[in-house]
Amino acid sequence: MVKELIYTTGGRAFALVFRVIKAVRPRRPIHPRGVLLKGTLVRDSGADSGISWIDSAGTDDVVVRFSRSVGLPSVFPDILGLAVRVPGERPADILLASTGRSFPARFLLLLRKNAGQTTFTSMMPYKGSHGPVLLAAFPAEPSSVAPLPARLGQFRDQLAAAEWDLGLFHATPRGAWKRFGTLRLSADPPQVDTGIRFDPLLNSLPGAGIYGWARRLREPSYRTARS
């Protein structure tokens, strides 16, 4: 009961912050500007995460938005975001943000200037049949990654001429990252940004549940952002 109250209070506090920011940025309180990307998401067979979508092989054409969360001037680092929509009869959304890779840094939002060397994680775990599952996307071969500036204009120009390959990984909250697929991205020439609203609570991954405490923390602010 006490934990539920803490998470509910935290969710309301986040929603209040969103309402204040929304007064200045009515369209998108966070991640105000972004770049629309197109790509292919390939899932290999053999994963054993306890979430059917991760553990089954498949290939999807995805819509992705790369963005700067705080919206600081482009000369400064920012919290970087990757929002991925997997289409289908029921689309699935994955939200990833720039964090560290090890424990506990994988739960800490970090400012970054180079998207190409950034680790993006879900931070909040999904509920799988084996327990909590985190998702991440980062270069599988860091030594061979070219710099990819997080300035949106430069970022888009660079991806108009080259692809951005990221490994997809899953892990328990403290466990090692295990690769289950690849995300290959490029700029979408006809469009600069997208009006799509990504919501992992409304559009969850097949086979993945949402922990009650995570829903209580996130749902009020998501609802405020959508309103």
Side-chain angles (χ1 to χ4, degrees), residues 30-31 33-37 39-44 47-51 53-54 60 62-72 74 76-86 92-126 128 131-152 154-156 158-159 162-187 198 200 205 208 214 217-218:
I30 61 172
H31 299 277
R33 294 172 57 240
V35 174
L36 178 64
L37 306 175
T40 304
L41 190 156
V42 179
R43 287 170 284 121
D44 307 321
D48 187 28
S49 68
I51 294 176
W53 181 81
I54 295 174
D60 295 289
V62 294
V63 176
V64 178
R65 185 176 189 255
F66 171 80
S67 59
R68 295 169 63 89
S69 176
V70 182
L72 297 172
S74 59
F76 297 110
D78 205 330
I79 297 167
L80 308 181
L82 272 184
V84 181
R85 170 157 293 180
V86 182
D93 292 341
I94 304 168
L95 296 188
L96 306 173
S98 54
T99 69
R101 193 174 301 182
S102 60
F103 178 86
R106 61 183 63 175
F107 297 104
L108 300 176
L109 293 170
L110 299 177
L111 300 171
R112 291 288 185 253
K113 292 186 73 172
N114 183 352
Q117 296 177 354
T118 293
T119 294
F120 298 87
T121 75
S122 60
M123 293 186 65
M124 292 279 188
Y126 291 91
V133 180
L134 293 171
L135 296 185
F138 51 82
E141 302 292 339
S143 60
S144 62
V145 174
L148 184 58
R151 295 188 182 192
L152 297 183
Q154 293 178 348
F155 175 91
R156 189 170 188 274
Q158 192 158 323
L159 284 191
E163 291 185 328
W164 185 21
D165 285 354
L166 294 165
L168 293 173
F169 301 82
H170 70 87
T172 61
R174 291 175 176 264
W177 293 107
K178 300 176 182 179
R179 186 168 183 173
F180 71 90
T182 300
L183 184 61
R184 181 164 290 118
L185 302 172
S186 60
F198 300 82
L205 292 176
L217 271 179
R218 302 174 80 172

Taking atom CG of L166 and atom CG of L96, what is their separation to the nearest 0.5 Å? 9.5 Å

Apply side-chain contact (heavy atoms from CB on, under 4.5 Å) to T182 and list each qualifying residue two or more places apart in sequence or on a separate chain. R179, R184

Between P173 and F103 the two heavy atoms that sit nearest each other are O-CD1, 3.5 Å

Please report the shortest heavy-atom distance between F120 and S98, naming the atom on each side. CD2-N, 4.0 Å

About how many Å separate CG of L36 and OG of S67, when rounded to the nearest 0.5 Å? 11.5 Å

Does L148 offer a backbone N or O that forms a donor-acceptor pair with the side chain of N114 under 3.5 Å? yes

Residue pairs passing the salt bridge (Lys or Arg N to Asp or Glu O under 4.0 Å) test with at least one member in residues 102-120, sequence neighbours excluded, are none

Which residues pass the side chain to side chain donor-acceptor pair (under 3.5 Å) test with R174, sequence neighbours left out? none

Ignoring hydrogens, what is the shortest heavy-atom contact between M123 and L134? Give both atom names and the distance. O-CD2, 3.3 Å

Euclidean distance, S122 OG relative to L95 CG, rounded to 0.5 Å: 9.5 Å

Go through the structure and list residues passing side chain to side chain donor-acceptor pair (under 3.5 Å) with D93, not counting sequence neighbours. R85, N203

Quick one: OG on S102 to CH2 on W177, what's the gap to the nearest 0.5 Å? 10.0 Å

From L183 CG over to L37 CG, what is the distance, rounded to the nearest 0.5 angstrom? 9.0 Å

Quick check: do W53 and R43 have side-chain heavy atoms less than 4.5 Å from each other? yes

Taking every heavy atom of F198 against every heavy atom of V63, the minimum-distance pair comes out as CE2-O, 4.0 Å

Holding to salt bridge (Lys or Arg N to Asp or Glu O under 4.0 Å), I want the full list of residues that pass it with R151, two or more places apart in sequence or in another chain. none

Are more than 12 heavy atoms, taken from residues, nucleotides or ligands other than F76, located less than 6.0 Å from that residue's CZ atom? no

Could you state the interatomic distance from CZ (F155) to CZ (R68), rounded to the nearest 0.5 Å? 11.5 Å

If every non-hydrogen atom of I79 is compared with every non-hydrogen atom of L111, which pair is closest and at what distance? N-CD2, 3.6 Å

Start with the C-alpha distance between I54 and L168, add both sets of side-chain angles, then the distance that settles side chain to side chain contact (heavy atoms under 4.5 Å, CB included), and finish with yes or no. CA-CA 10 Å; I54 295 174; L168 293 173; over 6 Å; no

Applying side chain to side chain donor-acceptor pair (under 3.5 Å), can you list everything that pairs with T121, at least two apart in sequence or on another chain? T99

Do the non-hydrogen side-chain atoms of L110 and T119 ever get within less than 4.5 Å of each other? no

Would you say that F66 contacts L82 through its side chain, given a criterion of any heavy-atom pair below 4.5 Å between the two side chains? yes

In terms of heavy-atom contacts, W164 and G116 come closest through NE1-CA, 4.2 Å

